[in-house]
Amino acid sequence: GSIMGSGGMVVLDETTCMVDVAKYFLSFTQEESCGKCVPCRLGTRQMLEILTRITQGEGREEYIDTLLTIAKTVKECSLCGLGQTCPNPVLTTLQYFRDEYEAHIREKKCPAAVCDALMISPCQHTCPVGINVPKYVAQIADGEYLEAVNTIRERNPFPAICGRICHHPCEGRCRRGELDESVAIRALKRFAADWYFDHISELPALEPFPQIHSQKVAVVGAGPTGLSCAYFLAQMGYPATVFEALPIGGGMLSVAIPDFRLPREVIEKEIDHIARRGVEIKYDTPVNVNFTIEDIRNSGFEAVFIAAGAQRSQNIGIPGELEDIEGFYYGLRFLRDVKVGKAIQIGRRVAVIGGGNVALDSSRTALRLGAEHVSIFYRRSREEMPITEVEYDETLAEGVQVDFLVSPTRLVSDDWKVTGLQCVHMKLGEPDASGRRRPIPIPGSEFFAPADNVIAAVGQAPDLTFLPADSALERTRWERLAVDENRLVTNVPGVFAGGDFVSGPGMVIEAIAAGRRGAIAIDKYLRGDTSRVEIYDLKPSIIEETITKEEEASWEPRFRPEIPHLPIQERKGSFKEIELGFSEEEARQEAKRCLRCDLEK
Ligand SMILES: Cc1cc2nc3c(=O)[nH]c(=O)nc-3n(C[C@H](O)[C@H](O)[C@H](O)COP(=O)(O)OP(=O)(O)OC[C@H]3O[C@@H](n4cnc5c(N)ncnc54)[C@H](O)[C@@H]3O)c2cc1C
Ligand code: SF4
Ligand code: SF4
């Protein structure tokens, strides 16, 4: 957003809290108010008090309407220009950023990680599962690696996986970044998790969590959402059983993400850990018309959490797009076939359509299978690509060409064999419903891109066909299950749903967060507690630890060590993991760069 005033223009980005901005302007105008007219004198004070409560986690649902009423009254009834304009920051932030107010009030979350009272540290607050980052980072600095992994597992049963592929929003808000460079939170997580699995034989044997409740809970789908939900239910003492359609767990992590980013054995170890903590996983057990949600409920499960992911590849919707054409694949199918070792014929030239993880992973996989020239065609620009900087840079470094603002218009084939793509150049127009600028074709810019293979990776959607047509579960008009955003409960009491199955394709840490939210909601349901699910940790009133001299020394400017990678020339034809992780020395040095924002008063 931006604010235009008499003296200039203030441009704000996602690191600015809009509730805090409104509070800042009001505290100024409230002081300036001469007090002659009542609406301005009392109205500014009341608005400031409400905004302060919201930023301190004491907001109530009705505050937004109260703010609107006071702001309009002050604007209309004040005598001078100050009173008539001072509500504007409140009115405009409410008009354009109402969701930020709602996040503060409903979830006690400050999306910009600015409001101190709502958080322990910006990194912890921005991590979707609220891992106590400063604590585990300090434990690594002190050489307490087992303790560090245990801290992570309090909120996330997949430390080795997230240590590799999490899109790490926490690092984007790390305060160390304001000094030199953010702390390598993700890579430190990987270091601790890898240390754990390397030393597991020397550590005490794992015991299942003690069962303290008798109510059984079922989970559909052993992806990160379902397994996290079951893990946290087991942690709370519930017997949890996961029904998985495939012979393996992990969902997209196992069947789609290539081994060079996430090796299979890493996933297996994490799932084994979850099973050892007491989660029962029944493989090869699809839920379908022969084994329905109702059947599960009738067999003694008091609650069910559906976490079936987004399994359906979306069509591009262009002429010539026929699945039987030789050389044409949908990205998910292509990645799955490669993962299960199916023989795939890849030609010299490969065209990939899309701009997300599936497109990038498909392009890098095609290179490894022997393609000489791989191009990604994406209809928007780099800014709109939902992938991390590292993934993008690595894709380019491996030799993939990315053509932005290009859209396919026809899949061209000859005798049922792909010969290429007819494309058109695009320009960006006005923002669409998603807030991203809509791409518009440029007339007369059509061109032909020859290709031996075309891989379509334009998105996935949840597949609800396993639910009987007459299922009582309510759907949205986008063919997804309708759930309450806070408690993830469907219209059928006792049936919950979350993860990619509800939100559509997202990120793994969001899936884990949905699983955790589901577990908390199910626990509340089984205990008859109808209150909202609270996910975020507020700042404690007493902070016991103090900052030591050694920690103060770490405030000297110092950049993070480079994370080692497999050299490019060793990647051709190989699915060996490419990110290699920190050494012990590097990890401890890096951990000492943390400023311990959690200890700030
Ligand atoms: C190629 C690719 C690359 C990705 N890269 C990243 C990345 O780098 N970083 C990141 O953060 N995220 C990434 N993601 C996203 C991440 O993998 C997903 O967000 C996450 O896996 C979603 O978890 P989920 O459990 O909701 O669904 P899924 O992982 O899809 O798991 C759903 C599970 O439910 C099972 N199931 C479905 N129907 C039934 C049924 N009827 N009965 C029983 N079981 C059923 C499925 O077999 C599956 O095991 C990537 C995704 C893909 C496809
Ligand atoms: S799980 Fe991801 S978001 Fe959370 S602390 Fe780790 S890297 Fe950051
Ligand atoms: S400096 Fe440390 S505590 Fe502060 S945000 Fe970064 S990782 Fe978190």
Side-chain angles (χ1 to χ4, degrees), residues 113 120-138 152 155-156 158-159 161-179 182-190 219-229 242-246 248-258 261-262 282 285-288 291 306-311 331-332 335 356-362 387-388 391 457 460 462-463 465-467 498-503 505-515 591 593-600:
I120 296 171
S121 64
C123 49
Q124 175 168 9
H125 194 66
T126 325
C127 170
V129 293
I131 294 176
N132 192 338
V133 175
K135 185 173 172 190
Y136 87 73
V137 169
I152 299 166
R155 293 296 168 92
N156 180 346
F158 294 110
I161 289 169
C162 287
R164 284 168 169 80
I165 63 156
C166 180
H167 70 301
H168 52 78
C170 52
E171 293 183 22
R173 295 290 189 278
C174 170
R175 291 222 176 111
R176 180 84 207 196
E178 291 164 25
L179 195 63
S182 59
V183 173
I185 301 171
R186 177 184 65 81
L188 287 174
K189 184 175 287 96
R190 172 184 172 161
V219 173
V220 180
T225 308
L227 288 176
S228 302
C229 181
V242 183
F243 297 100
E244 167 57 51
L246 300 177
I248 51 166
M252 291 300 174
L253 310 178
S254 295
V255 301
I257 302 185
R261 288 210 296 127
L262 183 59
K282 287 185 183 285
T285 315
V287 172
N288 52 30
F291 178 51
I306 311 176
Q311 312 295 333
L332 261 191
L335 292 171
N357 274 314
V358 180
L360 265 65
D361 282 343
S362 299
I387 42 133
T388 63
E391 289 324 308
Q460 302 91 50
D463 181 357
T465 51
F466 71 91
L467 298 172
D500 281 10
F501 187 62
V502 167
S503 62
M507 292 301 193
V508 70
I509 191 61
E510 292 160 353
I512 297 167
R593 291 177 62 242
C594 174
L595 301 175
R596 298 300 312 269
C597 309
D598 56 322
L599 303 182
E600 269 173 34

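Computed over heavy atoms, backbone and side chain alike; hydrogens, waters and symmetry mates excluded. Both ligands and their constituent atoms are indexed starting at 1 by order of listing.
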- Which ligand 1 atoms, with their elements, are less than 4.0 angstrom from a heavy-atom of Asp361? 1 (C), 2 (C), 3 (C)

- Message: With a cut-off of 2.8 Å, does Cys127 put an N/O/S atom close enough to atom 8 (Fe) of ligand 2?
- Response: no

- For Asn357, the ligand 1 atoms whose distance to one of its heavy atoms is below 4.0 Å: 3 (C), 4 (C), 5 (N), 6 (C), 7 (C), 8 (O), 13 (C)

- Item | Close side-chain approach of Lys135 and Asp598, heavy atoms under 4.5 Å | no

- Item | Which segment of Glu510 sits under 4.0 Å of ligand 1 when only heavy atoms are counted | neither

- Shortest heavy-atom approach to atom 31 (O) of ligand 1 - which of Gly223, Pro286, Pro258: Gly223

- Task: Could you tell me which non-hydrogen atom of Ala222 sits nearest to which non-hydrogen atom of Leu227, and how far apart they are?
- Result: O-CD1, 3.3 Å

- Query: If you count the atoms of ligand 1 from 1 in the order shown, which ones are under 4.0 Å from a heavy atom of Phe466?
  - Reply: 41 (N)

- Can you sort out which atoms of ligand 1 are near Val358, meaning under 4.0 Å from one of its heavy atoms? 1 (C), 53 (C)

- N/O to N/O below 3.5 Å, does that happen between Thr285 and ligand 1? no

- Whether Pro505 lies under 4.0 Å from ligand 1, heavy atom: no

- Looking only at protein heavy atoms, what sits closest to atom 47 (O) of ligand 1 is Glu244 OE2, 2.6 Å

- To the nearest 0.1 Å, how far is atom 5 (N) of ligand 1 from its closest protein heavy atom, and which atom is that? Arg261 NH2, 3.0 Å

- Query: Considering only heavy atoms of Cys597, which atoms of ligand 3 have at least one such atom less than 4.0 Å away?
  - Reply: 1 (S), 3 (S), 4 (Fe), 5 (S)

- Which residue supplies the protein heavy atom nearest to atom 29 (O) of ligand 1, what is that atom called, and how far is it? Met252 N, 2.9 Å

- Going by heavy atoms in the side chains, are Cys123 and Thr126 under 4.5 Å from each other? no

- If you measure every N/O of Leu332 against every N/O of ligand 1, is any gap under 3.5 Å? no

- Item | Protein heavy-atom partner closest to atom 5 (S) of ligand 2 - residue, atom, separation in Å | Lys189 NZ, 3.3 Å

- Item | Heavy-atom side-chain proximity of Leu332 to Met252 below 4.5 angstrom | yes

- Message: Measuring from atom 6 (Fe) of ligand 3, which candidate in Cys174, Gly177, Pro134, Ser121 has the nearest non-hydrogen atom?
- Response: Cys174

- Could you grab the distance from atom OG1 of Thr388 to atom CE of Met507, nearest 0.5 Å is fine? 7.0 Å

- Message: Which residue and atom name correspond to the protein heavy atom nearest atom 38 (N) of ligand 1, and how close is it?
- Response: Ala308 CB, 3.5 Å

- Task: Note the single closest protein heavy atom to atom 20 (C) of ligand 1, along with its residue, its atom name and the distance in Å.
- Result: Pro224 CG, 3.7 Å

- Note on the structure: re atom 2 (Fe) of ligand 2, the protein heavy-atom contact at minimum distance is Cys166 SG, 2.3 Å

- Give the residue and atom name of whichever protein heavy atom lies nearest to atom 26 (O) of ligand 1, and the separation in Å to one decimal. Thr225 OG1, 2.7 Å

- Query: For ligand 1, which atoms have a heavy atom of Phe243 less than 4.0 angstrom away?
  - Reply: 43 (C), 44 (N)

- Message: Can you classify the ring geometry of Phe466 versus Phe501 as parallel (below 30°), tilted (30 to 60°) or perpendicular (above 60°)?
- Response: tilted

- Message: Between ligand 1 and Asn288, can you find any atom pair, the residue atom being a heavy atom, that is separated by under 4.0 Å?
- Response: no

- Query: Hey, looking at atom 44 (N) of ligand 1, which of Pro462, Ala359, Ala245 has the closest heavy atom?
  - Reply: Ala245

- Considering only heavy atoms from C-beta outward, does the side chain of Phe158 approach that of Val508 to under 4.5 Å? no

- Does a side-chain heavy-atom distance below 4.5 Å link Ile257 with Asn357? no

- Query: Which of the atoms in ligand 3, numbered in the order shown and given with their element, are less than 4.0 Å from a heavy-atom of Arg175?
  - Reply: 5 (S), 6 (Fe)

- Note on the structure: ligand 2 atoms nearer than 4.0 angstrom to some heavy atom of Val133 are 5 (S)

- Message: With nothing but distance in play, are any N or O atoms of Asp500 less than 3.5 Å from an N or O of ligand 1?
- Response: yes

- Task: Please name the pair of heavy atoms, one in Arg164 and one in Leu262, separated by the smallest distance, quoted to 0.1 Å.
- Result: CD-CD1, 3.9 Å

- Calculate, to the nearest 0.5 Å, the distance between atoms CD1 and OG belonging to Ile131 and Ser121 respectively. 11.0 Å

- Query: So which of Ser254, Gly221, Gly309, Cys162 gets nearest to atom 27 (O) of ligand 1, if we judge by its closest heavy atom?
  - Reply: Gly309

- Note on the structure: Atoms of ligand 1 under 4.0 Å from any heavy atom of Ala307, numbered from 1 in the order shown, are 32 (C), 33 (C), 34 (O)

- Task: Ignoring hydrogens, just give me the one of Pro169, Pro159, Cys123 whose non-hydrogen atom is nearest atom 3 (S) of ligand 2.
- Result: Pro169

- Message: Taking distance alone, with N or O pairs closer than 3.5 Å, would you say Gln311 contacts ligand 1?
- Response: yes

- Message: Show me which atoms of ligand 1 lie under 4.0 Å from any heavy atom of Leu253.
- Response: 17 (O)

- Message: Any nitrogen or oxygen of Ile257 lying under 3.5 Å from a nitrogen or oxygen in ligand 1? Just yes or no.
- Response: no

- Note on the structure: Closest heavy-atom pair, Gly498 versus Ala514, reported as atoms and distance to 0.1 Å, is C-CB, 4.3 Å

- Task: Among all protein heavy atoms, pick out the one at the shortest distance from atom 9 (N) of ligand 1; state its residue, atom name and that distance to 0.1 Å.
- Result: Ile165 O, 2.8 Å

- Query: Heavy-atom contacts under 4.0 Å between Thr388 and ligand 1: side chain, backbone, both, or neither?
  - Reply: neither

- Query: Just distances here: any N/O of Ala511 and N/O of ligand 1 closer than 3.5 Å?
  - Reply: no

- Message: Using 0.5 Å steps for rounding, measure from the CD atom of Glu391 to the CG atom of Asp361.
- Response: 7.0 Å

- Task: Considering heavy atoms of the protein only, find what lies nearest to atom 8 (Fe) of ligand 2 and give residue, atom and distance to 0.1 Å.
- Result: Cys170 SG, 2.2 Å

- Message: For atom 1 (S) of ligand 2, tell me which residue out of Ile512, Val129, Ile509, Val137 has the closest non-hydrogen atom.
- Response: Ile509

- Task: Using distance alone, decide if ligand 1 has a nitrogen or oxygen within less than 3.5 Å of any nitrogen or oxygen in Val508.
- Result: yes

- Query: Between Val133 and Leu188, is any pair of side-chain heavy atoms under 4.5 Å apart?
  - Reply: no

- Item | Closest non-hydrogen atom pair between Arg186 and Cys166, with its separation | CD-O, 3.2 Å

- Task: Record the part of Glu391 in heavy-atom contact with ligand 1 below 4.0 Å; permitted values are side chain, backbone, both and neither.
- Result: neither

- Message: Suppose I only count heavy atoms of Leu335 and a 4.0 Å limit; which atoms of ligand 1 are within that range?
- Response: 1 (C)

- Within a strict 4.5 Å, meaning less than it, do heavy atoms of the Asn132 and Arg155 side chains meet? no

- Which is closest to atom 15 (C) of ligand 1 by heavy-atom distance: Gly506, Gly331, Cys229, Ala222? Gly506

- Task: Find out whether Ile165 and Leu253 are in side-chain contact, i.e. whether some heavy atom of one side chain is under 4.5 Å from a heavy atom of the other.
- Result: yes

- Item | Atom of Ser182, atom of Cys174 and distance for their closest heavy-atom approach | CB-CB, 3.6 Å

- Got the closest protein heavy atom to atom 42 (N) of ligand 1, with its distance? Val287 N, 3.0 Å

- Query: Which heavy-atom pair separates Gly506 from Asp500 by the least distance, and what is that distance?
  - Reply: N-OD1, 3.1 Å

